[in-house]
Amino acid sequence: MSDYNHKEIEAKWQQRWEETGLYRQEVDWSRPKHYALTMLPYPSGDLHIGHWYAMTPSDARARYMRMKGYNVLFPMGFDAFGLPAENAAIKNNMDPKKWTYENIEKMRVQMRSMGAMFDWRREAVSSDPEYYRWTQWLFRRLYDLGLAYRTLAPVDFCPSCNTTLAREQVWGEDRHCERCGTPVIKKELEQWYFRITDYAEELLDFSTIEWPERVKTMQTNWIGRSEGATVVFKTETGDEMPIFTTRPDTLWGATFMVMAPEHPLVEKITSPEQRATVSAYQEAVSRLTEIDRESADREKTGVFSGGYAINPVNGARIPIWIADYVLMGYGTGAIMAVPAHDQRDFEFARKFGLEIVPVIHPEGAEPLSADTMTESYVGPGVMVNSGPIDGVPTSLEKGRKNPSIDATIDWLEANGAGEEGVSYRLRDWLISRQRYWGAPIPIIYCERDGIVPVPIDQLPVLLPDDVEFKPTGESPLKLRRDWYETTCPICGDPAVRETDTMDTFMCSSWYQYRYLSPHYDRGPFDPDEGAYWLPVDQYTGGIEHATMHLIYTRFFTKAMREMGLVEFAEPMLQLNNQGMVLGEDNEKMSKSRGNVVAPDDLVEKYGADTVRTYLMFFSRWEQGGPWNYDGIKGPQRLVQDTWTMAHADYRPAAVSDEATRLLRRKTHQTIRKVTEDFESFAFNTAVAAIMDLRNAILRAQDGGDVAPEAMKEAVDSLLLLLAPMAPHVTEELWARRGGPYSIHQQPWPAWDEAIAREEVVTLVVQVNGKVRDRIELPADVTEADARAAALASPAVSERLDGKSPRKVIYVPGRLVNIVL
RNA sequence: GGGGCGGUGGCGAAACGGCAGACGCAGCGGACUUAAAAUCCGCCGGGGGCAACUCCGUGUGGGUUCGAAUCCCACCCGCCCUACCA
């Protein structure tokens, strides 16, 4: 037996797998398919331990499914557009493309060291023109479906540099430009959006997918469905001013209105006397950070507009105020204020001396009085001062099934003053980025024809190379006149290109489709591949994408369904999230903390097999936890012991049936346990079970009284069970023991329930719930015998003291509890 | 403020409502060795006892149950997400 040399073995098998195409994944309609996908990395240039933690257990699961008989697709690629490349380029005066592709090359080498079963022929890189051609194509299809639109949106703008700024370019409390120090202003710019809100309702439906409750809850909260009513108020200038409320029943208590400072009607309703005040307020608000503006504990600010609106339920003339606690992005950007029954409105009314009219009489209490209230009342009661709904009970704080709300909506609909309505917190997806390193938005602006999409046959709109990264504040794309200036596809007149690029989340919203056929040039993916492989069966990745990527890709799939590209509505049927590997100090890993664990060094020292096994063993996968350099010794010993026992020249002196039966039982119990654990992503206990089998085999080899066939079964089974976790060393040992190539193509071992069954059970004997004795009984003992045996236990009879028990609980195979 | 996840030996963790601590790390004692590493054997939650054994113990306080780490209620602590959502 030679020593275990992980470097030699891992290099050897990685090369052999490559040469023999072991991990080529092809359509095969005669076999059931399994599309396993793990989130693709951003090419930062260094594969860190978090990547290993995400990818190697996913790989082991894919390998397990393969051994179970599935035709498994397990691809990999790179989410290669994005800001870091551009920042690195500006900093080092380097081409972002060069930076990105050098990083990709480096990471490919690192990923190969994992020994994962990625089929590299299916690799997709989102910054390749043959990839983003189809990103642009999908944009075009979304545009044609009316799901992409352009509208004004506020961005941070430096009036001195005359440019938009990214959030991280705005510095300090006073929000000044990072370059020139000028205070930035909010400016309305034309930006591209996707109408994800059209799918808000459908995105709330998780009935066809098995995703973690946590992710479903986060998405549900993110989408934020509220039920209520839309009510149209009329301003004195004659404009309609719709509002959304979850408490339409309190309409009779509305004593003023509040508009967001950015509301388009503000200009119109502001009176001449108030104009200067309102403008100053708008200006001040535009300088606040989002965080400042949206922090709830900040004191309310606002100004009177000078305008009035009419409450449609009672004709009351109420003042319209402007305040930034009302957000343009939610509902209609304007609210009715009911200070008696809404705390925010109450605080505002008290601060500015506005009228408060209670419309709910609390159950069994004194009527509310505007003069004595110290906070709003949101409890149950009976409606008062509310015309047609006086006397109707109100129970819940929000939502329907509240009699007073139902009655109000009926009244509103009957009188044409409003209707039942639903509002979502979800906003449309802003995809414009004032950035170079991204997929160009394939749009041309023509004086005559306006917004003109680039014709399909002219895609991709290539991102030009050799751009100048002068810090001028202009997009580098604008400086490339030969690229920026073009002609209108419709009229042929001179026109200009859109210089914004697409959010990289768009690239990653459909990559699972591109993997099927990364070089296909007649569509985003080859439908023949799609028909077989889609949708993704098993998706793995971090929880941090719960409300971003994981919503976007669901939206994309629904939109692709509208395009006729797919027939299903959900991209990934099952999702499992891994946790995070923390530093040894139990803190998030970071260079500044000096607690970063480098996988390359670990692979050098221990080998990929040991690193993989340790990552799967040290904690529950979805939980993660702190790294521990000592802990890796456990899996290291497992690998070493496996090496030793697989080489052992085992010749028993004399065979014992009992010892043989015990080892076989352990073997079959382990197969059962590891199989169940792989099914449920419980990798840590799977490794523990394999370690347990290892212990039994070593003991049996030492004892030398187990039949050779049982020993072979045990060792071969251990190799097969360990193969998904430690693919190289098990392959080597399998080959050395004369097994056919490859171990990864062997069927997953099956267990025999009869062999796995215990013949003797240890019954716990409790008296009043406390363990007093343990008795060994045959596994098939009858209830009567078990009860009798328990009562016969000395520990019981002693405590029973001649009396008969009040009750005896029998749990088969577990315990007998005697209650005195 | 809202929502989510978690709190079990020195450490990472196991445990269909049924023997708490599987498996591993560290530690301690011993064997081998000139020595160290590696390896092997034993011990390893706390208290009491020579021992058989016994009492206590899963963040805190209650509850349900024959029986609770597990279910319910309240609270404390930690982490994550979200944040004036009308």
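Chain A is the first sequence line, chain B the second, and so forth, proteins listed ahead of strands; every chain is numbered from 1.
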Protein proximity profile, nucleotides 37-46 of chain B - base contact B, sugar-phosphate-only contact S, no contact -, cut-off 4.0 Å on heavy atoms: --S-------
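- Comparing the P positions of B:rU70 and B:rG1 gives a spacing of 27 Å, expressed to the nearest Å.
- Residue A:T685 places its side chain closer to B:rA14 than to any other of B:rA14, B:rU54, B:rA86.
- Residue side chain A:N817 reaches the base of B:rC66 through a donor-acceptor N/O pair under 3.5 Å, judged by distance alone.
- Toward the 5′ end of RNA chain B lies the nearest nucleotide of A:T762, the other residue of the pair A:T762 and A:I809 mapping further downstream.
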Per-nucleotide protein contact string for nucleotides 2-10 of chain B (B base, S sugar-phosphate only, - none; heavy atom under 4.0 Å): -SS------
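- In this structure, the nucleotide among B:rC19, B:rA86, B:rA14 sitting nearest to the side chain of A:V764 is B:rC19.
- Each of A:T301 and A:Y614 was matched to the nucleotide of RNA chain B holding its nearest heavy atom; the match closer to the 5' end belongs to A:Y614.
- Between B:rU54, B:rA26, B:rG24, one nucleotide has an atom nearer to the side chain of A:D630 than all others, and that is B:rA26.
- Distance from the side chain of A:V771 is smallest to B:rA20 among B:rG12, B:rA22, B:rA20.
- Among the heavy atoms of the strands, none lies under 4.0 Å from A:G302.
- Between B:rA86, B:rC19, B:rG18, one nucleotide has an atom nearer to the side chain of A:V326 than all others, and that is B:rA86.
- Picking from B:rA86, B:rC23, B:rC66 the nucleotide with the shortest atom distance to the side chain of A:N695 gives B:rC23.
- Backbone-only engagement by A:R772 is indicated by non-hydrogen atom pairs under 4.0 Å involving sugar-phosphate atoms exclusively.
- Salt bridge present: A:E213 and A:K216 bring a charged side-chain N and a carboxylate O closer than 4.0 Å.
- Here B:rA14 is the nucleotide among B:rC23, B:rG18, B:rA14 with the atom lying nearest to any side-chain atom of A:N684.
- Residue contacts for A:G224: at a heavy-atom cut-off of 4.0 Å it reaches no nucleic acid atom on any strand shown.
- If you check every strand for non-hydrogen atoms under 4.0 Å, A:Y424 touches nothing.
- The A:R427 side chain lies nearest to B:rC85 when the options are B:rC55, B:rC16, B:rC85.
- Here A:F244 lies in heavy-atom contact (under 4.0 Å) with a base.
- To the nearest whole angstrom, the two C1' atoms, one in B:rG63 and one in B:rU54, are 29 Å apart.
- Nearest to the side chain of A:K770, among B:rC66, B:rC56, B:rC19, sits B:rC56.
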Full working for side-chain hydrogen bond (donor to acceptor under 3.5 Å, both in side chains) between A:S376 and A:Q343: CA-CA 5 Å; A:S376 60; A:Q343 187 58 24; 2.9 Å; yes
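- Comparing B:rC66, B:rC25, B:rG24 by their nearest atom to the side chain of A:N628 picks out B:rC25.
- Contact annotation: A:R814 side-chain N/O to B:rC66 OP1/OP2 distance is not under 4.0 Å.
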